[in-house]
Amino acid sequence: EKAMKEKSEVSLKKSLVANKIAELEGITLSDEDYEKIVLEQIKEYGYTDVASYEAGYDSQYGKGMFRQGVFTSYVFDTLYEKYAVMTTAE
């Protein structure tokens with residue numbers, strides 16, 4: 001239980017940081033991109049459908065955290081792509 005609480009706290013902190021970065025950088029996640037990411041992750045992690053993937057995610061990170069988790073990953077991936085291109089172009 002202690003490990004789960006710590007994992008949830010780290011996840012919450014990442015989400016708060018991602019939300020602030022998204023606000024400052026103007027990053028948004030469309031429903032279309034959200035669905036695309038979820039389908040890619042379902043394949044990657046071996047789930048057969050969205051409901052079972054969401055249930056598995058919520059059991060690890062807390063109920064209702066699924067969409068936020070997808071958004072958090074999207075924000076950090078977007079930043080990585082943006083700034084990796086900038087540093088390699090210089």
Side-chain angles (χ1 to χ4, degrees):
E1 186 171 303
K2 182 180 178 183
M4 176 123 171
K5 182 179 177 183
E6 289 174 1
K7 194 173 194 177
S8 293
E9 287 175 358
V10 168
S11 179
L12 177 61
K13 288 176 184 178
K14 284 181 181 179
S15 293
L16 292 171
V17 169
N19 289 344
K20 188 62 176 179
I21 290 170
E23 177 186 325
L24 295 171
E25 294 281 331
I27 299 170
T28 58
L29 178 62
S30 68
D31 289 341
E32 182 180 300
D33 285 339
Y34 171 78
E35 290 174 16
K36 180 182 169 190
I37 292 167
V38 170
L39 291 175
E40 288 171 1
Q41 289 180 353
I42 286 171
K43 290 178 187 173
E44 181 179 341
Y45 298 120
Y47 286 91
T48 56
D49 59 76
V50 175
S52 62
Y53 179 45
E54 184 174 357
Y57 191 95
D58 284 350
S59 72
Q60 285 187 337
Y61 297 103
K63 186 162 178 55
M65 292 300 296
F66 182 70
R67 187 171 181 102
Q68 180 62 47
V70 172
F71 181 69
T72 297
S73 295
Y74 178 77
V75 169
F76 289 121
D77 289 348
T78 300
L79 286 177
Y80 176 78
E81 290 173 15
K82 178 179 179 180
Y83 291 106
V85 169
M86 289 175 70
T87 57
T88 56
E90 293 175 1

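For the atom pair CG (Leu39) and NZ (Lys43), the distance works out to 7.0 Å, reported to the nearest 0.5 Å. With rounding to the nearest 0.5 angstrom, the OG atom of Ser30 is 6.5 Å from the OH atom of Tyr74. Summarising the geometry, atom CD1 belonging to Ile21 is positioned 4.5 Å from atom CZ belonging to Phe76; distances are rounded to the nearest 0.5 Å.
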> How far apart are the C-alpha atoms of Gln68 and Phe71, what are their side-chain angles, what is the distance that settles it, and do they pass the side-chain contact (heavy atoms from CB on, under 4.5 Å) test?
Replying inline: CA-CA 5 Å; Gln68 180 62 47; Phe71 181 69; 3.8 Å; yes

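Heavy-atom contacts from other residues, nucleotides or ligands closer than 6.0 Å to CD of Glu32 number 12 or fewer.
The nearest pair of heavy atoms linking Ile42 to Asp49 is CD1-C, 3.8 Å. Here the shortest heavy-atom pairing between Glu25 and Tyr83 reads OE2-OH, 3.2 Å. Residues Ala18 and Val75 come closest through the heavy atom pair O-CG1, 3.7 Å. Shortest non-hydrogen contact noted between Leu29 and Arg67 is O-NH2, 4.2 Å.
Using a 4.5 Å cut-off on side-chain heavy atoms (C-beta onward), Glu6 and Lys2 make contact. Side-chain atoms of Val70 and Tyr57, non-hydrogen and from C-beta on, never get closer than 4.5 Å to each other. Using a 4.5 Å cut-off on side-chain heavy atoms (C-beta onward), Lys14 and Val10 make contact.
Taking the six-membered ring where tryptophan is involved, the planes of Tyr45 and Tyr53 are essentially parallel, since the angle between them stays under 30° and well short of 60°.
Following chains of ILVMFWY side-chain contacts shorter than 4.5 Å, one cannot reach Leu16 starting from Ile27, and the two form parts of different hydrophobic clusters.
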